[in-house]
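Before any comments, here is the structure.
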Amino acid sequence: MLIFLATASILGYITISRVPPLLHTPLMSGMNALSGVTLIGAVSVYATSPPEFKSLAGLALILAMINVVGGFYVTERMLKMFKKKDPETLDKEQIPWQ
Amino acid sequence: MAIDIIFGIIIIIGFLLGIKLMQSPNTAVWGNRLGALSMGAGFIFSLIRFQVAGEILFWVFVIIGALIGLMLARKVKMIQMPQTVAFFNGSGGAASAAVAVTAALLYSGEDIVAVFLSSAIALAIGTTTFFGSIIASGKLQGLISQDVLSFKSLNQLSLTLVVAGAVLALISPLFQGQIFILSWPFITIFFALYGVLMAMRVGGADMPVLISFLNSLSGIAAAISGLAVREVILVGTGALVGVAGLILTGIMCTAMNRSLAQVLSGLKPASAHETSDVSSDESIVAEKETADPGETKSTEPEETEDSLSASQKAKEILLKAKKTIVVPGYGLAVAQAQMELKSIIDLLEEEGAEVKLAIHPVAGRMPGHMNVLLAEVGIDHEKLWEMDSINPEFNETDAVIVVGACDVVNPAASTSTGTPISGMPILEVNKAKNVIVCNLDDSPGYSGVPNTLYEAENITAIWGDAKENLDHLYSLLKE
């Protein structure tokens, strides 16, 4: 486990330090969505829970889903803006005060 | 078991490739989608492994969470991104804590001390993350005061909480069953309070550091809860996120020339502290005022005349300038003046000038926040330059437009000692030929340190609401 941890950390370090500051906000948002991987742990404990613990496990499911779905969606919204260079095609939804 | 590990590794590789794709703005969208896809694959695989797909109640929970996440993600504006990320981060931390606790309740194998230990630590870190994130989110959203909370024994209180909580978390797993369970409420309370205090102590402009740090913590919480449920994918991904967060936190700290400890303890030298209380009140009031475009400003009448002639002067400077650099700060976004700025930039470029934007690493309330706020109105990201690349160009620049930025262009950062911004690298706008400042007023920024830039001779100041002033400047330039 420890070797695995170390490898993941090193690989993480290498890839992340090459992301330009331009994209740091979506990067953080994306990392945040990834930390929702707890979802899989939630599924695991939900499955093995007897009825009296189901609501606690269910709570974990809800919280993890919020993290995952919300996280990937806002990151998508942000990154779409960086791809488009043509302002006319900007989603009106993204400039809500207009 | 083996196939779980293999699949877990494949998914983590998916995540890593996703991050790699985020190294360029053109491929970044696909990086995120790849990450989402990998997460989805992991989810489906876990459904198969644990065979819960048939339980309706399971889907009820899943869908509730998905809907909440989706609704929030659709509704938030870009300027609210920091508090949104903080909120989602908190929910992830809470999820890790809940998973860890449930896992401990269920476990009945041989490695019970190890599981209990990971569970206790995950509970501790997850709780800190949740409460810290919620408070941070609240502060950013303006629901909680942005002032730094500080009283005499604050440091000691925090330290006591963390130590007591840590001792409890590390020792109680040695006692089995009932006693261990009894320690949970206490661990939760200690770390909840610690998280609250941690976030309360950090002030508005230090938020980028806090959010990065909390982001990292939620990854670590996920990794450790992964040890409690024996899931390779949690440990690996959690470690990835934890490391990412720490790197970004380090970058932020370097950019502000403060250490993490300083930021977390809300440390400010005593002399600047009083002025900063006043100015952060003012800046909150100012921010609220500019956020309501309908309100008429109660500035002195002669200021309007001054800003008219200042605008004329600015117009002349800009029309003559061959090279202009714009320095946008958080105030620009608060005034919701990005569109007006873009119009001016486009106009200047049509007239043949070279226009670049200089982004200080801690502009905004989150790393890279400024870039997002500018991309939102369609400003080409290739015009955005980082501080280190663009600083050498200021002495060849004819005109600089500073909008809604104060501390990041304050020369006092390099000349003074003992202030919150001493030693912080700044954008060296004072080296340009002319500087046009378009801020609300000349009061100090978040740090409370008066801006010596305003005293320079080549400054043209247009005070007031940036949206109005930029709009007015634009119409002048069009003539």
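Chain A is the first sequence line, chain B the second, and so forth, proteins listed ahead of strands; every chain is numbered from 1.
- Contact count against chain B (heavy-atom pairs under 4.5 Å) is highest for A:V37 among A:V37, A:L27, A:V19.
- Formation of a donor-acceptor pair under 3.5 Å by the B:N371 side chain with backbone atoms of B:L384 is not found in this model.
- For the set B:I12, B:V62, B:V52, the count of heavy-atom pairs under 4.5 angstrom toward chain A peaks at B:V62.
- Among pairs with a residue in residues 18-44 of chain B, those fulfilling salt bridge (Lys or Arg N to Asp or Glu O under 4.0 Å) read A:E76-B:R33, at least two apart in sequence or across chains.
- Contact count versus chain B (heavy atoms, under 4.5 Å) is highest, among A:L11, A:L59, A:I14, for A:L11.
- The candidate from A:S35, A:A64, A:G12, A:G71 with the greatest count of non-hydrogen atom pairs under 4.5 Å with chain B is A:S35.
- A:M28 approaches B:N215 most closely through the heavy-atom pair O-ND2, 3.1 Å.
- Of the two parts of B:I11, neither the backbone nor the side chain holds a non-hydrogen atom closer than 4.5 Å to a non-hydrogen atom of chain A.
- Contacts between B:I247 and chain A at a heavy-atom distance below 4.5 Å involve the side chain alone, from C-beta outward.
- The heavy-atom pair separating B:S46 from A:V43 by the smallest distance is OG-CG1, 3.7 Å.
- At a cut-off of 3.5 Å, with distance as the only test, a side-chain donor of B:N89 or B:S218 sits close to an acceptor on the other residue.
- In this structure, the portions of B:S96 lying under 4.5 Å from any heavy atom of chain A include both its backbone and its side chain.
- Of the two parts of B:V241, the backbone and the side chain both hold a non-hydrogen atom closer than 4.5 Å to a non-hydrogen atom of chain A.
- Between B:R49 and B:E231 there is a salt bridge, with a side-chain nitrogen of the basic residue lying less than 4.0 Å from a carboxylate oxygen of the acidic one.
- Among residues at least two apart or in separate chains, salt bridge (Lys or Arg N to Asp or Glu O under 4.0 Å) pairs with a member in residues 29-56 of chain A are A:K54-B:E55.
- Contacts between B:T27 and chain A at a heavy-atom distance below 4.5 Å are absent for every atom of the residue.
- Although no hydrogens or angles enter the test, the distance criterion places no donor-acceptor pair under 3.5 Å between the side chain of A:S44 and the main chain of A:I40.
- Chosen from A:T15, A:L39, A:T7, the residue pairing most often with chain B at heavy-atom distances under 4.5 Å is A:T15.
- Here A:A47 is the residue among A:A47, A:A42, A:S29 with the most heavy-atom pairs under 4.5 Å with chain B.
- Among the candidates A:T25, A:L56, A:T48, the residue making the largest number of heavy-atom pairs closer than 4.5 Å to chain B is A:T25.
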